[in-house]
Structures are given as structure tokens and as C-alpha cells.
There are 2 protein chains.
Amino acid sequence: MTTKCHCKDIPAQELQNIQAALPGGQDIDRLSDFFKVFGDSTRLRILYFLSRHEFCVADLSALTEMQQSAISHQLKILRLHRLVKYRREGTTIYYSLDDQHVQKVFAIALEHITEGTGK
Amino acid sequence: MTTKCHCKDIPAQELQNIQAALPGGQDIDRLSDFFKVFGDSTRLRILYFLSRHEFCVADLSALTEMQQSAISHQLKILRLHRLVKYRREGTTIYYSLDDQHVQKVFAIALEHITEGTGK
DNA sequence: CTTATATATGAATATGTGTTCATATATTGC
DNA sequence: GCAATATATGAACACATATTCATATATAAG
């Protein structure tokens, strides 16, 4: 749907260009899905712990003080988004980070959080 | 709650250090709240448009093809998280980005999304 | 094959969240 | 004051999602 600008100073042509350059609907959805993964404190804590060390499910359960089942469910989500990988050793499964971007995203988000008057 | 590692090769001391270094519960919550804001495609599109130009509510409504009310609700969330700012001109209110990190976060997320086999 | 252990999974539930609808507020011009 | 316009807001609803409980799967040891 082409848009008509209600405001005075934006040429219709420029508006159209901007709208046309919007990443496709699918890309936007993939982007928001990516961020959704980080939008949960349990998953965030799991990612934090894995950023320091490889851990098995039981340990993540203990570290986060959450039930094993909850951790397994969240690890599945992290797996599907390729943010963690795992290896089996007997009955134990060790998880670790599978993405170099995780650390970067953390760093920038922290910048935002900590800026301003100790907000 | 101090944790006892179920796995063989991690010294209890190191575990404790890792858990102790976890950002406080409040910080984790603020972090996940920050990401939650990006975890919605409507908000993401608004942020994208604002990254290209300042816009009034009616224009954002037209560009996103969503009702004015929905846009206002989302803009409120973006305001509360200090991601956008606004200025009034008559009855019209112009919104723009209020955070330098937004662009960076976008870039890194896109890296993640576009890596691999055109996933 | 049976038991024990570690992890995964499905169903149920409770809580959170985005959109819509109706309406309120704020500004401008008359 | 009143009408018109742009935006904001509260309630309702529909939908998504995180956790729990019970149970299934997988591996190892005997």
C-alpha cells in the first residue's frame, strides 16, 4: 500500500523509497524472533553461564535455581535458534555457546542499560 | 543458593565464582526487558522507519499499515524504554530515535540472521 | 534384561502481551 | 466558547509463552 504523507515536509517519493527499503516481512519476523529469544531472563541467564563455561543440564538447573524440565525447554529454544550447541558424554549432555554474536549483543545491550543516571 | 556441580571436571570454587559474577537479578531483568522491546515486528518496523527519518504518528501508521491506536501504544513502550523521543508541532507529534545503540543492535542481529546457508 | 541416571517432551495452566474499539486529551482556528 | 484534527489511553479480547507435572527416551552398569 503506497502511503500518502500527512505531514508537510516529506516528499512522497522519499516516503515510498523508505517503505520499499524496509526489509521484507520474513526478515523482520526473523529479526524479532531472534530478539525474542533474548527477551526472557531465564534464557538470558543460561546464555550468560554458557558464555563463561560449558555446562550440563543439571548444572544449569542448579545455577539458575530452576527445574530441570524448565531448563530443557529453554535449551530447546536456544538450540532451534542456533545459539547453543551440545555434545553427549554418556547420559550427560554438555551445552555451550554456538554463536559469536551473543557476546557482542550482550555488550551493546549493557551499554544501553547502564547509560544515563544509573537508571 | 550455592550449587554443587554434578559434573566431574568443574571445581566447585569456579562454579561459585561464575554464579557470583552473574549480573544481579535486577540487571538481568532490565536486560531481558530491553530485548523484549525488539522482539515484536511492529516495534521493529517503527524503529526501522525512524532510523531513516523523523515521522509523525499518522505517517508511521500509514507506513506500517496498522491502526493509529496500535502505533500509539507501541510508541509509548518505545518512549518508556528511551528508544524514541518526540517533539510537538501543533497537534502533530514527530517521533525520532533516541538511542545510538539501536543501529548497532540491528547490525549485529542481521549478521546472525543472514549467516549460514541463507537459513 | 533390569535398574539407575540424565535429559527430553507433551499436556495443562497461569500469566503476559498486542490489537481493537471506544473515548479522552490536547492543540488550533474560528 | 465550539468544531476539527492529531494523538493518547483504558478496557476487553485473543493469542502467545514460561513453568510445572508426569512421563518418555536414551545411555550405562550390572
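A note on names: the letters A, B, ... follow the listed sequences, proteins ahead of strands, and every chain is numbered from 1.
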- Indicate yes or no: does A/D33 engage A/K36 in a salt bridge with an N to O separation below 4.0 Å.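 Between A/K36 and A/D33 there is a salt bridge, with a charged N closer than 4.0 Å to a carboxylate O.
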Is there a side-chain contact between [X] and [Y] in this structure, where contact means two heavy atoms from C-beta onward sitting under 4.5 Å apart?
X	Y	answer
A/Y95	A/I71	no
B/Q74	B/M66	no
B/H53	B/F49	no
B/I77	B/L83	no

[X] has an atom [atom1]; how far is it from atom [atom2] of [N], in whole Å?
X	N	atom1	atom2	result
A/L60	D/dT19	CG	P	14 Å
B/Y86	C/dT27	OH	P	11 Å
B/R87	C/dT27	CZ	C1'	15 Å
B/K36	D/dT17	NZ	P	12 Å
A/D40	D/dT17	CG	P	11 Å
B/R79	D/dT7	CZ	P	12 Å
A/L78	C/dT9	CG	P	14 Å
A/Q67	C/dA12	CD	C1'	14 Å

- Among A/F38, A/F35, A/F34, the one residue meeting ring-ring contact (aromatic ring centres under 6.0 Å, His included) with B/F38: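 Considering A/F38, A/F35, A/F34, a ring-ring contact (aromatic ring centres under 6.0 Å, His included) with B/F38 is found only for A/F35.
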- Looking only at side-chain N and O atoms, does A/Y95 come under 4.0 Å of OP1 or OP2 in C/dA8?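 So the side chain of A/Y95 is within the cut-off, an N or O lying under 4.0 Å from OP1 or OP2 of C/dA8.
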- Message: Between A/Q74 and D/dT19, is there a contact of a side-chain N or O with OP1 or OP2 at under 4.0 Å?
- Response: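 So the side-chain polar atoms of A/Q74 do come within 4.0 Å of the phosphate oxygens OP1 or OP2 of D/dT19, strictly under.
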Does [Y] offer a backbone N or O that forms a donor-acceptor pair with the side chain of [X] under 3.5 Å?
X	Y	answer
A/E54	A/S96	no
A/R88	A/G90	yes
A/S61	A/V57	no

- Task: Under 4.0 Å between any heavy atoms, over every strand shown, what does A/T92 touch: base, sugar-phosphate, or nothing? Just pick one.
- Result: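 Sugar-phosphate, no base atom in range.
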- DNA chain D: 5'-proximal contact among A/M66 and B/I71 (nearest heavy atom):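 The residue closer to the strand's 5' end, by nearest nucleotide, is B/I71.
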- Query: In B/S/- notation, 5' to 3', how is nucleotides 23-29 of chain D contacted by protein heavy atoms closer than 4.0 Å?
  - Reply: ---SBS-
For nucleotides 10-13 of chain D, tabulate all protein N/O to nucleotide N/O atom pairs closer than 3.5 Å, reporting atom names and distance.
residue, atom, partner, partner atom, Å
D/dG10, O6, B/H73, NE2, 2.9

